Amino acid sequence: VMKKYILGVSVFILAFIVIGIYTGNIHENGATELKPVEIKEYQGNKLSSIEDFRENSIKGPQHIDKKNYRLVIAGLVNNPKEYTYDEIIKRQNYKKVVTLHCVEGWSVNILWEGILVKDLIKEAGADPKAKIIIFHAYDGYSTSFPINYIMENDILMAHKMNGLPLPPERGFPFQLVAESKWGYKWIKWITKFELSDNENYRGYWERRGYSNDGSLNRFFLESY
């Protein structure tokens, strides 16, 4: 009877360990990792949900393997840079609640977390001739900003929203939090910063008649 009892207990323990390994929820200290919960309110600000966005990207959600991901900083810089995903997120992180306003008529109020773009630009060393920063995305999308907008403001390149990692449809691994700008300036799936002196550069929607400035206090179409 004792042997059967010991055998039964052993089988139960083994099954528990196997299930834990399979699900990836059992840590070495015996703690069970629970699914992260989306933050709904932050410092008195009621937050929108990650699910409140509309899918309007030019090629649909992009799926990027963070192990192979690289962020390139090139163009008019003194020290061209290339960073892995982990090298970026280990830097000083910042949080702020910023509302994204889409030209389609909807908006979302989100707690964004990420690194300051200007910190990365400082590491690369902007050439004095640089007038704009062009942001390139994995799907071919692009948009640009005057370099002063980036360097004189706390503009985030976010990797979290409402306390959760960005999902692919929201721009994983990084989305620009282009505060005070219309949503089409909030580029997702960022892969490259290009510093340039070409102030006539126009991004994807800007070439199609949208305002290059993109400020919320202006209409988003150049023709108006």
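Small disclaimer: the values here were computed from a predicted structure and weren't measured.
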Under a single-linkage definition using a 4.5 Å side-chain heavy-atom cutoff for Ile, Leu, Val, Met, Phe, Trp and Tyr, are [X] and [Y] assigned to the same hydrophobic cluster?
X	Y	result
M161	I39	no
V103	I58	yes
V72	F172	no
M151	I132	no
M157	I89	yes

Within the structure provided, determine whether [X] and [Y] are in side-chain contact (heavy-atom separation under 4.5 Å).
X	Y	value
V97	Q43	no
D197	L76	yes
K181	S215	yes
Q175	I190	no

Enclosure of [X] [atom1] (heavy-atom neighbours >12, cutoff 6.0 Å):
X	atom1	result
K131	NZ	no
R218	CZ	no
K40	NZ	yes
Y149	OH	yes

Next on the checklist: For a side-chain contact (heavy atoms from CB on, under 4.5 Å) check, start with the C-alpha distance between L120 and L71, then their side-chain angles and the critical distance, and finish with the verdict.
Outcome noted: CA-CA 10 Å; L120 293 177; L71 174 70; 3.8 Å; yes
Reported [atom1]-to-[atom2] distance for the pair [X] and [Y], which is rounded to 0.5 angstrom:
X	Y	atom1	atom2	result
I134	T143	CD1	OG1	9.5 Å
L176	L156	CG	CG	8.5 Å
L100	S48	CG	OG	9.5 Å
T191	Y138	OG1	OH	9.5 Å
E113	N93	CD	CG	5.0 Å
Y94	L116	OH	CG	5.0 Å

Under 3.5 Å: donor-acceptor pair, side chain of [X], backbone of [Y]:
X	Y	answer
E82	P80	no
N109	K46	yes
N153	I150	no
K96	D154	yes
R70	Y83	no
E194	S196	no

Side-chain ion pair, [X] and [Y], N-O less than 4.0 Å:
X	Y	result
K118	E152	no
E123	R91	yes
K185	E206	yes
D65	K67	no
D139	K188	no

Heavy-atom closest contact ([X] atom, [Y] atom, distance):
X	Y	answer
L47	I110	CD2-C, 4.1 Å
W189	P168	NE1-O, 2.8 Å
I115	Q92	CG2-O, 3.4 Å
I147	A130	CG2-O, 3.8 Å
E55	E169	OE1-O, 4.1 Å
L166	P173	CD1-O, 3.8 Å

Item to check | Stepwise side-chain contact (heavy atoms from CB on, under 4.5 Å) check, F193 with H136 | outcome: CA-CA 7 Å; F193 303 165; H136 297 270; over 6 Å; no
Checklist entry - Is R208 close enough and on-axis enough to Y204, meaning under 6.0 Å and within 45°, for cation-pi? => result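 The answer is yes; both the distance and angle limits are met.
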Checklist entry - Can you tell me if Y201 and S142 form a side-chain donor-acceptor pair at under 3.5 Å? => result yes
Checklist entry - Do we see a donor-acceptor contact under 3.5 Å between the side chains of S211 and D213? => result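 The criterion, which ignores hydrogens and geometry beyond distance, is not satisfied for D213 and S211.
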Would you say the ring centers of [X] and [Y] fall short of 6.0 Å from each other?
X	Y	result
F174	Y85	yes
F220	Y184	no
Y210	W205	yes

Checklist entry - Checking ring pair (Phe, Tyr, Trp, His ring centres under 6.0 Å) against W186, which of F135, W112, F53 comes through? => result W112
Checklist entry - So E87 and K90, side-chain contact (heavy atoms from CB on, under 4.5 Å) or not? Walk me through it. => result CA-CA 6 Å; E87 286 173 337; K90 288 179 181 178; over 6 Å; no
